[in-house]
Amino acid sequence: MYRILEKKELAPKHIMYRIEAPHVARKVQPGQFVIVRAFPNGERIPLTPVMWDREEGWIVLITFVRGKTTMRMANELKPGDSILNVAGPLGNPAPIEKFGRVLAVGLSAGIVEVFPIAKALQEAGNDVTTLHVAPAPMAILKDEFTESVSRHIFEGFEIQEGWGTKEIVAEIARRGAEKVKELLSEENFDFVLTVGPAGAQKAVFNVVKEFGIPMHADLHPIMVDGTGMCGSCRVTVGGEVKFACIDGPGFDAYKVDWDELIHRVGFYTDLEKRALEEYLKSLRGE
Ligand SMILES: Cc1cc2nc3c(=O)[nH]c(=O)nc-3n(C[C@H](O)[C@H](O)[C@H](O)COP(=O)(O)OP(=O)(O)OC[C@H]3O[C@@H](n4cnc5c(N)ncnc54)[C@H](O)[C@@H]3O)c2cc1C
Ligand code: FES
């Protein structure tokens, strides 16, 4: 059991949990993740340790409230409660090398996963600029980034009336691509890194490709076990089938089959919508 030491709403839909998990805190490296099961009848979801203290034995997870599981966690978990399972660290660490000038892009909630990687890259002697593209009220970790990297840019926008998730993700993709183009046109960068919705990462990749700069993308296919046993997280990279939970989650963006990934992450959309609707109904006592 993994005790919740602290829980805080950082911004609308962004919840921070500081959790006692000494075995993860001791070993985790930037780019790795954990699989969390919060409730006895709940599903397993992949989340990323954003910060940790190896000696005190805690990790910080930040969830973006997307569907049923992240919403149940936000509604039902309190400080002092325990999480049933936190398995990890899982996956490969991100490449922490001396690249030179790095642009690390967090699209929407992807920024939380950028944090440990960008901080480690800066500590390794790189000159890191981080870019967060998200709806304006969702600016999170601004102070933490400002303290940890050379420059942090927040590219916020207002949500228009009638916009749903699809429109918001399209706007993140459009603005992300536009801002990255502006930065790459004005300055020299040696390496780009992205985390976020697959469609938005693809839009940024299309820009980076024009400049021929190496790019690392952290992918979010659907995961179940997170240990390489089911293949639900498979992605095609360089024409080969890879499992994101063991071969990734980060890959060379030039080798990723983006269209296949975008298609696969939408597989369970109807079931996810139904699970959320049923949970909301149960909250209303229907
Ligand atoms: C390696 C990795 C690290 C991640 N780190 C974080 C993190 O630090 N913070 C965070 O908020 N989210 C993170 N995610 C995404 C997180 O796992 C999903 O937000 C979560 O599974 C959604 O569950 P839900 O029931 O609330 O929403 P659902 O209703 O299940 O899903 C809503 C949408 O979220 C995506 N999604 C759903 N299930 C998964 C899954 N099992 N794996 C990946 N994507 C999924 C899909 O695009 C789906 O359309 C990470 C994903 C991966 C693969
Ligand atoms: S999540 Fe099952 S193999 Fe990766």
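These numbers come from a predicted model, not from an experiment. Just follow the structure's listing: the first ligand is 1, and inside any ligand the first atom is 1.
- Metal site remark for atom 2 (Fe) of ligand 2: C230 contributes an N, O or S atom at a distance under 2.8 Å.
- Of the listed residues (V149, L141, V195), just one forms a side-chain contact (heavy atoms from CB on, under 4.5 Å) with F115, and that residue is L141.
- No continuous path of ILVMFWY side-chain contacts below 4.5 Å connects F154 to I168, so the two sit in separate hydrophobic clusters.
- Listed by atom number, the atoms of ligand 2 under 4.0 Å from C233 heavy atoms are 1 (S), 3 (S), 4 (Fe).
- A donor-acceptor pair is defined here as one N or O able to donate and one able to accept, closer than 3.5 Å; such a pair exists between the side chain of Y254 and the backbone of I213.
- Taking every heavy atom of C245 and a limit of under 4.0 angstrom, the matching atoms of ligand 2 come to 1 (S), 3 (S), 4 (Fe).
- With respect to atom 2 (Fe) of ligand 2, D225 has OD1 as its nearest N, O or S atom.
- Near F243, meaning under 4.0 Å from any of its heavy atoms, are these atoms of ligand 2: 3 (S).
- The atoms of ligand 2 that sit less than 4.0 Å from any heavy atom of M223 are 1 (S).
- Counting atoms of ligand 2 from 1 in the listed order, those under 4.0 Å from a heavy atom of M229 are 3 (S).
- Nearest protein heavy-atom contact of atom 3 (S) of ligand 2 is G231 N, 3.0 Å.
- Geometric assessment of R101 against the ring of F191 yields a negative cation-pi assignment under the 6.0 Å and 45° thresholds.
- Contact annotation for R234 and ligand 2: no heavy atom of the residue comes within less than 4.0 Å of the ligand.
- Atoms of ligand 2 lying under 4.0 Å from any heavy atom of G228, numbered from 1 in the order shown and given with element: 3 (S).
- A parallel orientation is assigned to the rings of H152 and F145, their planes being inclined by less than 30° (bins at 30° and 60°).
- Shown in contact with V224 at under 4.0 Å from a heavy atom are these atoms of ligand 2, numbered in order with element: 1 (S).
- Each of T129, D127, T146 was evaluated against R151; a single residue qualifies, T129, per the side-chain hydrogen bond (donor to acceptor under 3.5 Å, both in side chains) test.
- Here the CD1-CE distance, from I159 to M138, works out to 5.5 Å after rounding to the nearest 0.5 Å.
- Counting only distance, with no hydrogens or angles, the side chain of R54 and the backbone of A25 share a donor-acceptor pair below 3.5 Å.
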